[in-house]
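The next block holds one structure in the form of C-alpha coordinates; read it before the comments.
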Amino acid sequence: MKRRDFLRTGSAVIVSFAFGGSLQKPGLAQSSGKPLDPSQVDSFLAINADGSVTIYTSKVDVGTGLRIAMAQMAAEELGVPVDRITVLEGDTALTPDQGGTGGSTGIPRGAVEVRQAAATARQALLSLGAERLKRPATELTLVDGQVRPVNGGTGIGIGALAGGKRLDLKVDPRAPLKEPARYAVVGKPLLRPDVPGKATGHRISAFQECCMAGSSTRRRWVRSCYP
Amino acid sequence: MARYSFRLNGRAVRVDSWDPDQPLLYLLRNALGTHAPKFGCGLGQCGSCTVLIDGKAARSCITPVRQAADHAITTLEGLGTPAKPDPVQAAFIAEQAAQCGYCTNGMIMTAKALLNQTANPTLEQIKQGLAGNLCRCGTHTRILSAVLRAAKASGRRA
(Lines give C-alpha, C1' and ligand atoms only; values in the text may rest on other atoms or scores of the structure.)
Protein backbone atom coordinates (compact mmCIF):
# COMPACT_ATOMS: atom_id res chain seq x y z
CA MET A 1 0.00 0.00 0.00
CA LYS A 2 1.30 3.42 -0.91
CA ARG A 3 1.73 5.97 1.86
CA ARG A 4 -0.87 8.26 0.30
CA ASP A 5 -3.46 5.46 0.10
CA PHE A 6 -2.76 4.57 3.72
CA LEU A 7 -3.35 8.16 4.79
CA ARG A 8 -6.61 8.25 2.86
CA THR A 9 -7.82 5.08 4.54
CA GLY A 10 -6.67 6.38 7.91
CA SER A 11 -8.58 9.62 7.56
CA ALA A 12 -11.72 7.75 6.53
CA VAL A 13 -11.52 5.70 9.71
CA ILE A 14 -11.17 8.85 11.81
CA VAL A 15 -14.23 10.37 10.12
CA SER A 16 -16.35 7.34 10.92
CA PHE A 17 -15.22 7.37 14.55
CA ALA A 18 -16.10 11.05 14.86
CA PHE A 19 -19.54 10.34 13.43
CA GLY A 20 -20.12 7.45 15.81
CA GLY A 21 -19.19 9.70 18.72
CA SER A 22 -21.61 12.40 17.68
CA LEU A 23 -24.47 9.92 17.45
CA GLN A 24 -24.01 9.00 21.10
CA LYS A 25 -24.52 12.56 22.34
CA PRO A 26 -28.30 12.39 22.75
CA GLY A 27 -27.90 9.24 24.84
CA LEU A 28 -25.46 11.03 27.12
CA ALA A 29 -27.85 13.96 27.43
CA GLN A 30 -30.61 11.57 28.38
CA SER A 31 -28.48 10.12 31.13
CA SER A 32 -28.06 13.64 32.55
CA GLY A 33 -31.60 13.14 33.81
CA LYS A 34 -33.29 16.25 32.39
CA PRO A 35 -37.04 15.71 32.84
CA LEU A 36 -38.91 14.87 29.64
CA ASP A 37 -42.33 14.22 31.17
CA PRO A 38 -44.84 16.71 29.70
CA SER A 39 -46.45 17.16 33.12
CA GLN A 40 -43.25 18.83 34.43
CA VAL A 41 -42.29 22.48 33.91
CA ASP A 42 -38.58 21.55 33.77
CA SER A 43 -39.29 19.39 30.71
CA PHE A 44 -40.26 22.48 28.72
CA LEU A 45 -37.93 25.18 29.98
CA ALA A 46 -34.72 25.89 31.85
CA ILE A 47 -33.68 29.18 33.43
CA ASN A 48 -29.95 29.62 32.97
CA ALA A 49 -27.56 31.25 35.44
CA ASP A 50 -27.16 34.30 33.16
CA GLY A 51 -30.92 34.88 33.15
CA SER A 52 -31.42 33.50 29.64
CA VAL A 53 -34.06 30.83 29.05
CA THR A 54 -33.96 27.62 27.03
CA ILE A 55 -37.25 26.25 25.68
CA TYR A 56 -37.50 22.55 24.81
CA THR A 57 -40.03 21.34 22.24
CA SER A 58 -40.37 18.32 20.00
CA LYS A 59 -42.00 20.47 17.30
CA VAL A 60 -39.53 21.74 14.71
CA ASP A 61 -39.39 24.93 12.68
CA VAL A 62 -39.08 24.00 9.01
CA GLY A 63 -39.32 27.59 7.85
CA THR A 64 -42.79 28.06 9.28
CA GLY A 65 -41.71 30.63 11.88
CA LEU A 66 -42.46 28.36 14.83
CA ARG A 67 -39.12 29.13 16.51
CA ILE A 68 -39.75 32.87 16.85
CA ALA A 69 -43.48 32.45 17.53
CA MET A 70 -42.87 30.02 20.38
CA ALA A 71 -40.17 32.29 21.82
CA GLN A 72 -42.62 35.21 21.68
CA MET A 73 -45.33 33.23 23.50
CA ALA A 74 -42.87 32.14 26.20
CA ALA A 75 -41.42 35.66 26.47
CA GLU A 76 -44.88 37.08 27.00
CA GLU A 77 -45.67 34.81 29.94
CA LEU A 78 -42.22 34.81 31.51
CA GLY A 79 -41.49 38.51 31.23
CA VAL A 80 -38.17 37.80 29.52
CA PRO A 81 -37.00 39.55 26.33
CA VAL A 82 -37.33 37.38 23.18
CA ASP A 83 -33.61 37.65 22.44
CA ARG A 84 -32.84 35.97 25.79
CA ILE A 85 -34.75 32.86 24.74
CA THR A 86 -33.27 29.93 22.82
CA VAL A 87 -35.60 27.28 21.42
CA LEU A 88 -34.16 23.77 21.30
CA GLU A 89 -36.25 21.69 18.93
CA GLY A 90 -36.86 18.21 17.78
CA ASP A 91 -34.54 15.99 19.82
CA THR A 92 -36.83 13.98 22.09
CA ALA A 93 -33.82 12.83 24.11
CA LEU A 94 -33.86 16.42 25.40
CA THR A 95 -37.42 17.62 24.82
CA PRO A 96 -40.82 16.38 25.95
CA ASP A 97 -42.56 14.35 23.25
CA GLN A 98 -45.29 16.68 21.96
CA GLY A 99 -45.74 14.62 18.83
CA GLY A 100 -44.20 15.13 15.42
CA THR A 101 -44.29 18.24 13.31
CA GLY A 102 -47.19 18.63 10.90
CA GLY A 103 -50.85 19.39 10.55
CA SER A 104 -50.38 22.91 11.93
CA THR A 105 -49.93 21.55 15.46
CA GLY A 106 -46.78 23.55 16.23
CA ILE A 107 -48.58 26.49 17.84
CA PRO A 108 -51.87 24.95 19.04
CA ARG A 109 -50.16 22.02 20.72
CA GLY A 110 -46.41 22.66 20.89
CA ALA A 111 -46.37 26.33 21.82
CA VAL A 112 -49.56 26.21 23.92
CA GLU A 113 -47.99 23.55 26.16
CA VAL A 114 -44.80 25.63 26.43
CA ARG A 115 -46.89 28.69 27.26
CA GLN A 116 -48.64 26.91 30.15
CA ALA A 117 -45.27 25.74 31.51
CA ALA A 118 -43.98 29.34 31.22
CA ALA A 119 -47.06 30.68 33.03
CA THR A 120 -46.47 28.14 35.82
CA ALA A 121 -42.81 29.15 35.99
CA ARG A 122 -43.82 32.81 36.25
CA GLN A 123 -45.84 32.12 39.40
CA ALA A 124 -42.95 30.13 40.88
CA LEU A 125 -40.46 32.90 40.09
CA LEU A 126 -42.74 35.49 41.70
CA SER A 127 -42.91 33.30 44.85
CA LEU A 128 -39.12 32.87 44.91
CA GLY A 129 -38.75 36.63 44.41
CA ALA A 130 -41.20 37.29 47.27
CA GLU A 131 -39.02 35.28 49.65
CA ARG A 132 -35.83 37.02 48.57
CA LEU A 133 -37.26 40.53 48.50
CA LYS A 134 -39.34 39.92 51.62
CA ARG A 135 -42.50 41.29 50.07
CA PRO A 136 -45.78 39.59 49.15
CA ALA A 137 -45.83 38.15 45.63
CA THR A 138 -48.94 40.22 44.86
CA GLU A 139 -46.81 43.38 45.08
CA LEU A 140 -44.28 42.02 42.59
CA THR A 141 -44.11 41.75 38.84
CA LEU A 142 -41.80 39.97 36.40
CA VAL A 143 -40.50 42.12 33.55
CA ASP A 144 -37.26 42.24 31.57
CA GLY A 145 -36.10 39.06 33.27
CA GLN A 146 -36.41 40.62 36.74
CA VAL A 147 -38.81 40.13 39.64
CA ARG A 148 -39.36 43.61 41.01
CA PRO A 149 -41.91 45.57 43.05
CA VAL A 150 -44.80 46.86 40.94
CA ASN A 151 -44.34 50.33 42.48
CA GLY A 152 -40.63 50.45 41.67
CA GLY A 153 -37.60 49.58 43.76
CA THR A 154 -34.83 47.03 43.66
CA GLY A 155 -35.54 43.79 41.84
CA ILE A 156 -33.77 40.50 41.38
CA GLY A 157 -32.93 38.72 38.12
CA ILE A 158 -34.42 35.31 37.35
CA GLY A 159 -30.89 33.96 36.84
CA ALA A 160 -30.06 34.82 40.45
CA LEU A 161 -33.40 33.39 41.62
CA ALA A 162 -33.49 30.09 39.80
CA GLY A 163 -30.63 29.97 37.28
CA GLY A 164 -29.24 26.52 36.63
CA LYS A 165 -31.69 24.93 39.07
CA ARG A 166 -34.74 22.79 38.52
CA LEU A 167 -38.05 24.36 39.41
CA ASP A 168 -39.33 20.85 40.18
CA LEU A 169 -42.95 21.76 39.53
CA LYS A 170 -45.90 20.19 37.80
CA VAL A 171 -47.37 22.27 34.96
CA ASP A 172 -50.38 24.01 36.48
CA PRO A 173 -53.22 24.02 33.94
CA ARG A 174 -54.81 26.90 35.86
CA ALA A 175 -51.72 29.12 36.08
CA PRO A 176 -53.04 32.49 34.87
CA LEU A 177 -52.13 33.53 31.32
CA LYS A 178 -51.49 37.11 30.34
CA GLU A 179 -54.56 38.80 28.90
CA PRO A 180 -54.27 39.23 25.11
CA ALA A 181 -55.15 42.94 25.48
CA ARG A 182 -51.91 43.38 27.44
CA TYR A 183 -49.66 41.53 24.98
CA ALA A 184 -46.41 43.37 24.33
CA VAL A 185 -44.51 40.72 22.33
CA VAL A 186 -47.07 38.32 20.83
CA GLY A 187 -48.55 39.73 17.64
CA LYS A 188 -45.46 41.73 16.72
CA PRO A 189 -43.97 40.67 13.37
CA LEU A 190 -40.45 39.88 14.62
CA LEU A 191 -37.88 38.70 12.08
CA ARG A 192 -37.31 34.96 11.87
CA PRO A 193 -33.79 33.94 12.93
CA ASP A 194 -33.40 31.39 10.12
CA VAL A 195 -33.89 33.70 7.11
CA PRO A 196 -30.46 35.44 7.03
CA GLY A 197 -28.72 32.05 6.84
CA LYS A 198 -31.06 30.82 4.14
CA ALA A 199 -30.65 34.00 2.08
CA THR A 200 -26.86 33.89 2.23
CA GLY A 201 -26.13 30.17 2.08
CA HIS A 202 -24.47 30.30 5.45
CA ARG A 203 -26.95 27.85 6.91
CA ILE A 204 -28.37 24.91 5.04
CA SER A 205 -32.11 24.78 4.51
CA ALA A 206 -34.59 23.02 6.73
CA PHE A 207 -35.48 20.67 3.90
CA GLN A 208 -31.88 19.63 3.53
CA GLU A 209 -31.52 19.06 7.26
CA CYS A 210 -34.55 16.78 7.10
CA CYS A 211 -33.91 14.81 4.04
CA MET A 212 -30.27 15.01 3.09
CA ALA A 213 -28.55 14.78 6.45
CA GLY A 214 -26.83 11.60 5.34
CA SER A 215 -24.97 13.36 2.56
CA SER A 216 -24.20 16.50 4.51
CA THR A 217 -20.68 16.93 5.81
CA ARG A 218 -21.53 19.78 8.15
CA ARG A 219 -24.57 18.68 10.13
CA ARG A 220 -25.26 15.70 12.29
CA TRP A 221 -28.86 16.33 13.28
CA VAL A 222 -31.61 14.47 11.57
CA ARG A 223 -34.99 16.09 11.98
CA SER A 224 -38.34 14.49 11.57
CA CYS A 225 -40.66 16.50 9.38
CA TYR A 226 -42.83 16.37 6.34
CA PRO A 227 -40.72 17.05 3.24
CA MET B 1 -8.05 12.50 -14.29
CA ALA B 2 -8.64 15.92 -15.82
CA ARG B 3 -8.21 19.05 -13.77
CA TYR B 4 -10.49 22.08 -14.23
CA SER B 5 -9.67 25.61 -13.13
CA PHE B 6 -12.13 28.42 -12.60
CA ARG B 7 -12.80 31.29 -10.24
CA LEU B 8 -15.27 30.57 -7.45
CA ASN B 9 -16.55 33.54 -5.47
CA GLY B 10 -13.46 35.53 -6.36
CA ARG B 11 -10.80 32.93 -5.65
CA ALA B 12 -9.01 30.65 -8.09
CA VAL B 13 -9.93 26.98 -7.60
CA ARG B 14 -8.91 23.73 -9.24
CA VAL B 15 -10.93 20.53 -9.15
CA ASP B 16 -10.33 17.07 -10.50
CA SER B 17 -13.00 15.11 -12.30
CA TRP B 18 -12.96 11.84 -14.21
CA ASP B 19 -15.89 12.96 -16.29
CA PRO B 20 -15.92 16.18 -18.32
CA ASP B 21 -19.73 15.94 -18.30
CA GLN B 22 -19.95 15.85 -14.51
CA PRO B 23 -22.46 18.52 -13.43
CA LEU B 24 -20.84 21.62 -11.97
CA LEU B 25 -23.30 21.35 -9.05
CA TYR B 26 -21.75 18.08 -7.86
CA LEU B 27 -18.28 19.62 -7.75
CA LEU B 28 -19.53 22.77 -6.04
CA ARG B 29 -21.26 20.79 -3.31
CA ASN B 30 -19.02 17.76 -2.91
CA ALA B 31 -15.52 19.00 -3.72
CA LEU B 32 -15.66 22.73 -3.08
CA GLY B 33 -17.96 22.94 -0.04
CA THR B 34 -20.42 25.49 -1.41
CA HIS B 35 -23.75 24.09 -0.27
CA ALA B 36 -26.05 26.99 -1.14
CA PRO B 37 -26.80 25.66 -4.66
CA LYS B 38 -29.29 22.83 -4.14
CA PHE B 39 -29.99 19.64 -6.04
CA GLY B 40 -33.68 19.91 -6.87
CA CYS B 41 -34.75 18.15 -10.05
CA GLY B 42 -31.38 17.53 -11.67
CA LEU B 43 -32.95 18.43 -15.00
CA GLY B 44 -32.61 22.21 -15.04
CA GLN B 45 -36.34 22.60 -14.48
CA CYS B 46 -36.69 23.91 -10.91
CA GLY B 47 -33.88 26.44 -10.54
CA SER B 48 -32.70 25.56 -7.02
CA CYS B 49 -29.14 24.87 -8.30
CA THR B 50 -28.75 28.30 -9.95
CA VAL B 51 -25.32 29.96 -9.88
CA LEU B 52 -23.91 32.92 -11.78
CA ILE B 53 -21.43 32.16 -14.56
CA ASP B 54 -19.79 35.43 -15.59
CA GLY B 55 -22.75 37.26 -14.04
CA LYS B 56 -25.43 35.28 -15.91
CA ALA B 57 -27.77 32.79 -14.23
CA ALA B 58 -26.96 29.18 -15.06
CA ARG B 59 -28.40 25.85 -13.89
CA SER B 60 -25.39 24.15 -12.33
CA CYS B 61 -27.09 20.73 -12.33
CA ILE B 62 -27.00 20.58 -16.13
CA THR B 63 -23.80 22.58 -16.68
CA PRO B 64 -20.93 20.17 -17.41
CA VAL B 65 -17.76 21.03 -15.55
CA ARG B 66 -15.86 21.43 -18.83
CA GLN B 67 -18.18 24.33 -19.75
CA ALA B 68 -17.52 26.06 -16.45
CA ALA B 69 -13.75 25.83 -16.81
CA ASP B 70 -11.97 29.17 -17.04
CA HIS B 71 -15.10 31.13 -16.13
CA ALA B 72 -16.04 33.07 -13.00
CA ILE B 73 -18.62 31.23 -10.89
CA THR B 74 -20.55 33.01 -8.15
CA THR B 75 -22.69 31.14 -5.63
CA LEU B 76 -25.04 32.55 -3.02
CA GLU B 77 -22.21 32.39 -0.46
CA GLY B 78 -20.17 34.69 -2.68
CA LEU B 79 -22.74 37.50 -2.69
CA GLY B 80 -22.71 38.32 1.02
CA THR B 81 -22.93 37.07 4.58
CA PRO B 82 -25.59 37.36 7.30
CA ALA B 83 -23.56 40.26 8.75
CA LYS B 84 -22.96 41.91 5.36
CA PRO B 85 -25.62 40.76 2.89
CA ASP B 86 -25.80 41.73 -0.77
CA PRO B 87 -28.72 44.16 -1.46
CA VAL B 88 -30.79 41.31 -2.97
CA GLN B 89 -30.11 39.10 0.05
CA ALA B 90 -30.91 42.03 2.39
CA ALA B 91 -34.22 42.53 0.56
CA PHE B 92 -35.12 38.83 0.93
CA ILE B 93 -34.36 39.06 4.67
CA ALA B 94 -36.34 42.29 5.09
CA GLU B 95 -39.36 40.82 3.28
CA GLN B 96 -38.89 37.45 5.06
CA ALA B 97 -39.08 35.94 1.58
CA ALA B 98 -38.19 32.36 2.50
CA GLN B 99 -39.94 29.48 4.13
CA CYS B 100 -38.06 26.16 4.00
CA GLY B 101 -35.25 27.87 2.10
CA TYR B 102 -34.70 25.24 -0.57
CA CYS B 103 -35.57 27.44 -3.55
CA THR B 104 -34.14 30.60 -1.98
CA ASN B 105 -30.69 30.12 -3.52
CA GLY B 106 -32.13 29.99 -7.04
CA MET B 107 -34.59 32.82 -6.44
CA ILE B 108 -31.84 35.17 -5.24
CA MET B 109 -29.28 34.17 -7.89
CA THR B 110 -31.84 34.49 -10.70
CA ALA B 111 -33.02 37.83 -9.31
CA LYS B 112 -29.41 38.98 -9.10
CA ALA B 113 -28.83 38.11 -12.77
CA LEU B 114 -32.12 39.79 -13.73
CA LEU B 115 -31.17 42.99 -11.89
CA ASN B 116 -27.70 42.89 -13.48
CA GLN B 117 -29.43 43.15 -16.86
CA THR B 118 -32.54 45.15 -15.98
CA ALA B 119 -31.84 47.48 -13.07
CA ASN B 120 -35.42 48.62 -12.64
CA PRO B 121 -37.74 45.80 -13.73
CA THR B 122 -41.53 45.95 -13.69
CA LEU B 123 -43.47 43.43 -11.62
CA GLU B 124 -44.30 41.62 -14.87
CA GLN B 125 -40.62 41.42 -15.84
CA ILE B 126 -39.76 40.00 -12.42
CA LYS B 127 -42.51 37.39 -12.75
CA GLN B 128 -41.19 36.41 -16.19
CA GLY B 129 -37.59 36.39 -14.95
CA LEU B 130 -38.43 34.04 -12.08
CA ALA B 131 -40.96 31.91 -13.97
CA GLY B 132 -38.49 29.03 -14.21
CA ASN B 133 -37.80 28.95 -10.47
CA LEU B 134 -40.21 26.79 -8.51
CA CYS B 135 -41.23 27.36 -4.88
CA ARG B 136 -43.40 24.75 -3.20
CA CYS B 137 -43.92 26.52 0.13
CA GLY B 138 -45.84 29.43 -1.38
CA THR B 139 -43.49 32.34 -0.74
CA HIS B 140 -44.05 33.83 -4.20
CA THR B 141 -45.61 37.18 -3.29
CA ARG B 142 -42.90 37.89 -0.72
CA ILE B 143 -40.22 37.00 -3.27
CA LEU B 144 -41.70 39.45 -5.78
CA SER B 145 -41.78 42.17 -3.10
CA ALA B 146 -38.16 41.39 -2.21
CA VAL B 147 -36.95 41.77 -5.81
CA LEU B 148 -38.86 45.06 -6.17
CA ARG B 149 -37.31 46.23 -2.89
CA ALA B 150 -33.81 45.24 -4.07
CA ALA B 151 -34.31 47.14 -7.34
CA LYS B 152 -35.43 50.24 -5.44
CA ALA B 153 -32.50 50.00 -3.01
CA SER B 154 -30.04 49.72 -5.91
CA GLY B 155 -31.69 52.71 -7.61
CA ARG B 156 -31.18 54.81 -4.50
CA ARG B 157 -27.51 53.92 -4.31
CA ALA B 158 -26.79 54.66 -7.97
Side-chain angles (χ1 to χ4, degrees), chain A residues 4-5 8 11-12 15 59-69 71-72 82-83 89-90 101-104 106-107 187-227, chain B residues 8-9 26 28-40 46 48-51 74-109 111-112 135-139 142-143 146-147 149-150:
Chain A
R4 183 163 293 182
D5 293 339
R8 276 203 194 120
S11 67
V15 167
K59 304 290 188 187
V60 299
D61 182 339
V62 286
T64 44
L66 182 67
R67 205 178 283 118
I68 188 71
Q72 284 175 270
V82 174
D83 59 11
E89 315 148 56
T101 303
S104 301
I107 297 290
K188 274 197 184 155
L190 300 187
L191 294 182
R192 277 163 44 202
D194 53 321
V195 179
K198 289 172 178 174
T200 57
H202 289 257
R203 182 183 178 278
I204 58 177
S205 78
F207 198 3
Q208 197 175 8
E209 282 164 15
C210 295
C211 309
M212 299 174 74
S215 63
S216 167
T217 54
R218 294 198 295 167
R219 292 287 177 132
R220 69 176 177 82
W221 336 323
V222 179
R223 291 176 159 186
S224 64
C225 75
Y226 288 38
Chain B
L8 176 61
N9 297 330
Y26 295 9
L28 289 174
R29 292 185 55 85
N30 296 337
L32 296 162
T34 40
H35 295 121
K38 303 284 185 274
F39 182 93
C46 79
S48 67
C49 66
T50 305
V51 298
T74 308
T75 68
L76 189 67
E77 290 100 332
L79 293 186
T81 62
K84 212 179 166 194
D86 174 271
V88 182
Q89 293 173 320
F92 271 67
I93 295 166
E95 295 288 343
Q96 298 278 281
Q99 190 174 319
C100 88
Y102 209 89
C103 75
T104 310
N105 166 74
M107 293 292 180
I108 293 180
M109 298 314 278
K112 186 76 191 165
C135 165
R136 221 193 95 168
C137 295
T139 323
R142 285 174 183 248
I143 290 168
V147 181
R149 177 190 278 257

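Each chain gets a letter, A, B and so on, in the order its sequence line appears, and its residues count up from 1.
Here the OG1 atom belonging to Thr200(A) is positioned 6.5 Å from the CG atom belonging to Leu76(B), to the nearest 0.5 angstrom. Between His202(A) atom NE2 and Gln89(B) atom CD the span is 7.0 Å, to the nearest 0.5 Å.
Of the residues Gln99(B), Glu95(B), Gln96(B), the one that meets the side-chain contact (heavy atoms from CB on, under 4.5 Å) test with Val195(A) is Gln96(B).
Looking at every heavy atom in both residues, Gly201(A) comes nearest to Ala36(B) through CA-CB, 3.8 Å.
Using a 4.5 Å cut-off between heavy atoms, Ile108(B) contacts chain A through its side chain alone, with no backbone atom that close.
Options Gly65(A), Ala199(A), Pro189(A) differ in how many heavy-atom pairs under 4.5 Å they form with chain B, and the most are formed by Ala199(A).
The shortest side-chain heavy-atom distance between Cys100(B) and Val62(A) does not fall under the 4.5 Å cut-off.
Side-chain N or O atoms of Arg192(A) include none that pairs as donor or acceptor with a backbone N or O of Ile93(B) at under 3.5 Å.
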